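Right, one structure below, let's go through it.
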Amino acid sequence: MTKVSKNVKKALIGIFTSIFGVILTLGIIAIGITGSVPCLYTSCHDKAVCINHPFKAECSCMSGYAGNGKDHCDECGLTFFDQNASLQPGRAVPYSWPATSLMQFSYTTFVTLGNFTTAVSTGLVCGGTLINRKTILTSARCIRTNFNYYDANQRQTFNIKIEPNKFYPDLRASYQIFTGVDHYVYFNMDLKHVFHSGVEEIIRHEDFNETTLENDIAIIKLKQAIPLNNYIQVSCLPESTSYEIPNLSKYGYLAGYSTSGGTGGSWYLQNVEVDIYNSSMCENVAPNNPKNWNKQFCAGEYDLHGNSTGFCHGDYGSSLYTLEPINGKSKFVTTGILSYDVPCSTLHSPA
């Protein structure tokens with residue numbers, strides 16, 4: 001090989017090395033930009049904002065909207081039927097609380113009690129609130145892990161653990177969610193607007209205390225997206241950085257089937273307007289339960305004249321709504337979740 005050929009080869013290698021170095025540098029720069037500012041390459045819904053995370057863009061719906069931020073951001077707090085809540089509880093105008101949902105839990109298992117094996121069952125009805133097409137907000141106490149069974153033969157109460165079995169290989173199947181209803185879901189009932197969904201995931205607050213009911217909040221992710229219409233809508237939530245909620249000068253609004261407080265409940269959706277109280281008035285509500293007024297608040301009725309009240313507070317897991325300004329409109333906002341109360345028909349019975 002001549003000296004000229006060697007020089008040409010060397011030059012070509014140098015050129016290719018330089019080009020490769022430039023390409024590699026540009027690639028590293030592109031990866032760096034993509035990783036640090038991924039929103040540059042992400043398309044979000046026009047009612048959403050894009051939030052940069054390392055190598056991941058998050059599309060988040062703006063205040064007043066709910067959704068995945070990519071293909072939908074639904075306006076929250078829409079209603080198509082005027083509510084009739086007042087200080088006297090009564091049947092709600094059908095579908096006037098369109099974010100209110102009904103959760104039914106049913107469980108059966110075989111247990112051996114001494115030398116006796118039998119089938120035992122339990123059930124529960126709770127409220128919930130649709131906060132986006134695939135998410136229900138409810139109370140953590142509505143997600144059961146055990147129940148008490150009284151055996152009349154042995155005159156003894158047994159605590160039964162709820163776990164997968166032949167009836168329910170997957171415990172998620174023991175929960176059913178219904179939206180678009182204004183009465184219980186039962187046989188021979190008109191259910192033309194109902195939408196039923198199974199459960200995909202259950203998330204209880206990691207610090208929920210089953211004894212004291214602190215951190216009593218849970219999220220249920222649904223298998224199917226709920227279609228929104230005149231009868232089913234998503235509730236608004238408070239902004240995490242907004243003004244103090246709830247405001248003691250405002251009324252609260254409850255909607256449910258009155259299954260809380262040790263009652264059997266109502267076939268039809270009820271609603272009521274309630275006072276929101278200073279925490280000092282509520283220390284005697286379940287006095288053995290420690291209170292954290294940074295995370296809890298109290299509402300209901302408090303008759304200072306000593307008259308017995310017969311109010312019930314809806315369903316555990318159902319929302320307490322307050323009217324708040326959302327993007328220039330006055331809307332019902334889910335301000336709290338019914339955690340616990342005292343039985344109905346009890347003097348001074350806030351929740």
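Because the structure is predicted, anything quoted here is derived from the model rather than measured. Every heavy atom of this structure was used, including side-chain atoms; hydrogens, water molecules and symmetry mates were not.
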- Salt-bridge test for Lys134 and Glu201: reply yes if a basic N is under 4.0 Å from a carboxylate O, no otherwise. no
- Item | Closest heavy-atom pair and its distance - Glu273, Ala85 | OE1-O, 4.1 Å
- Would you sort out whether Met62 and Val49 count as a side-chain contact (heavy atoms from CB on, under 4.5 Å), showing the intermediate values? CA-CA 7 Å; Met62 299 176 183; Val49 295; 4.2 Å; yes
- Message: Distance check, rounded to the nearest 0.5 Å: Lys166 atom NZ versus Thr108 atom OG1?
- Response: 14.5 Å
- ILVMFWY cluster, Ile177 and Val194 together (side-chain gap under 4.5 Å): no
- Worked check of side-chain contact (heavy atoms from CB on, under 4.5 Å) between Tyr253 and Val274: CA-CA 6 Å; Tyr253 300 85; Val274 294; over 6 Å; no
- Note on the structure: Smallest heavy-atom separation, Arg155 atom then Tyr150 atom, equals CA-OH, 3.3 Å
- Task: Give the minimum heavy-atom separation between Val93 and Ser96, together with the two atoms involved.
- Result: O-OG, 2.6 Å
- Is there a side-chain contact between Tyr321 and Ser235, using heavy atoms and a 4.5 Å cut-off? yes
- Side-chain touch Arg144/Thr122, heavy atoms, less than 4.5 angstrom: yes
- Task: Establish whether Ile143 and Tyr316 are linked, either directly or via other cluster members, by ILVMFWY side-chain heavy-atom contacts under 4.5 Å.
- Result: no
- Message: Using 30° and 60° as the class boundaries, would you call the ring planes of Phe105 and Tyr175 parallel, tilted or perpendicular?
- Response: tilted
- Just how far is it from atom CG of Leu338 to atom CG of Asp315, taken to the nearest 0.5 Å? 8.0 Å
- Message: If we count only N and O atoms by modelled type, under 3.5 Å, do the side chains of Thr212 and Asn289 hold a donor and an acceptor together?
- Response: no
- Return yes if a side-chain donor-acceptor contact under 3.5 Å exists between Thr322 and Thr335, otherwise no. yes
- Between Phe208 and Asp216, is any pair of side-chain heavy atoms under 4.5 Å apart? yes
- Item | Test item: Gln156 side-chain N/O and Asn153 main-chain N/O as donor-acceptor pair under 3.5 Å | no
- Task: Ignoring hydrogens and angles, state whether a donor on the side chain of Asn165 or Thr109 is under 3.5 Å from an acceptor on the partner side chain.
- Result: yes
- Task: Mind running side chain to side chain donor-acceptor pair (under 3.5 Å) on Thr79 and Gln233 for me, showing each step along the way?
- Result: CA-CA 7 Å; Thr79 56; Gln233 287 294 322; over 6 Å; no
- Query: Taking the side chain as C-beta and beyond, is there a heavy-atom pair between Phe332 and Gln83 under 4.5 Å?
  - Reply: yes
- Message: Assess, by modelled atom type and distance only, whether the side chains of Ser330 and Glu324 contain a donor and an acceptor separated by less than 3.5 Å.
- Response: no
- Query: Any donor and acceptor pair, going by atom type alone, linking the side chain of Asn52 with main-chain N or O of Cys39 inside 3.5 Å?
  - Reply: yes
- Going from SG on Cys61 to CG on Asn68, what distance comes out if it is rounded to the nearest 0.5 angstrom? 6.5 Å
- Task: Please step through ring pair (Phe, Tyr, Trp, His ring centres under 6.0 Å) for the pair Tyr107 and Tyr168, ending with a clear verdict.
- Result: CA-CA 8 Å; Tyr107 180 78; Tyr168 296 99; 5.8 Å; yes
- Task: May I ask whether Ile326 and Tyr65 are part of the same hydrophobic cluster, defined by side-chain heavy atoms of I, L, V, M, F, W, Y residues being less than 4.5 angstrom apart, directly or through others?
- Result: no
- Task: Search all heavy atoms of Val120 against all heavy atoms of Phe147 and return the closest pair with its distance.
- Result: CG2-CZ, 3.9 Å
- Rounded to the nearest 0.5 Å, what's the gap from CG on Asn146 to CG on Asn159? Could you check? 4.5 Å
- How many angstroms lie between CG in Leu78 and CD1 in Ile232, if you round to the nearest 0.5 Å? 13.5 Å
- Task: Measure from the ring center of Phe178 to the ring center of Phe195 and say whether it is less than 6.0 Å.
- Result: no
- Task: Under the side-chain contact (heavy atoms from CB on, under 4.5 Å) rule, what do Gln154 and Leu113 come out as? Steps first, then yes or no, please.
- Result: CA-CA 9 Å; Gln154 302 185 51; Leu113 309 173; 3.4 Å; yes
- Glu200 backbone acceptor or donor facing Arg172 side chain under 3.5 Å: yes
- Give a yes or no on whether the ring-centroid distance for Phe81 and Trp97 is below 6.0 angstrom. no
- Query: Any chain of hydrophobic side-chain contacts (each under 4.5 Å) joining Val333 to Ile131?
  - Reply: no
- Is any side-chain heavy atom of Leu213 less than 4.5 Å from a side-chain heavy atom of Arg141? yes
- SB check Glu75 Lys329 (cutoff 4.0 Å): yes
- Would you call Thr118 and Val111 a side-chain contact if the rule is heavy atoms closer than 4.5 Å? yes
- Compare all side-chain heavy atoms of Ile136 with those of Ser101 and state whether any distance is below 4.5 angstrom. yes
- Message: Just to verify, which of Glu206, Arg204, Lys295 counts as forming a side-chain hydrogen bond (donor to acceptor under 3.5 Å, both in side chains) with Asn215?
- Response: Lys295
- Can you check whether Arg91 reaches Gln270 side chain to side chain, under 4.5 Å on heavy atoms? yes
- Query: Roughly how far, to the nearest 0.5 Å, is the CD1 atom of Ile202 from the CD1 atom of Ile220?
  - Reply: 5.5 Å
- Message: Please find the pair of heavy atoms, one from Cys236 and one from Gly77, that lie closest to each other, and give the distance.
- Response: SG-N, 3.5 Å
- Cut-off 3.5 Å, side chains only: do Ser106 and Ser174 have a donor facing an acceptor? no
- May I ask whether Phe110 and Leu171 are part of the same hydrophobic cluster, defined by side-chain heavy atoms of I, L, V, M, F, W, Y residues being less than 4.5 angstrom apart, directly or through others? yes
- Query: Looking only at side chains, do Ser339 and Ser139 share a donor and an acceptor under 3.5 Å apart?
  - Reply: no
- Ring centres of Phe158 and Tyr149 under 6.0 Å apart? no
- Note on the structure: Heavy atoms of Pro164 and Pro169 approach each other most closely as CB-O, 3.4 Å
- Message: Name the residue from Val234, Thr135, Thr179 that meets the side chain to side chain contact (heavy atoms under 4.5 Å, CB included) definition with Ile226.
- Response: Thr179
- Query: Just by distance, do the side chain of Thr138 and the backbone of Gly127 share a donor-acceptor pair under 3.5 Å?
  - Reply: yes
- Message: With a 6.0 Å cut-off (strictly less than), is the heavy-atom count around CG of Asp82, excluding the residue itself, greater than 12?
- Response: no
- Query: Are Lys47 and Asp74 within salt-bridge range, i.e. N to O under 4.0 Å?
  - Reply: no
- Message: For the cysteine pair Cys44/Cys50, does the gap between the two SG atoms stay under 2.5 Å?
- Response: no
- Query: Yes or no on side-chain contact (heavy atoms from CB on, under 4.5 Å) for Ile219 and Leu137, after CA distance, side-chain angles and deciding distance?
  - Reply: CA-CA 5 Å; Ile219 289 289; Leu137 179 68; 3.8 Å; yes
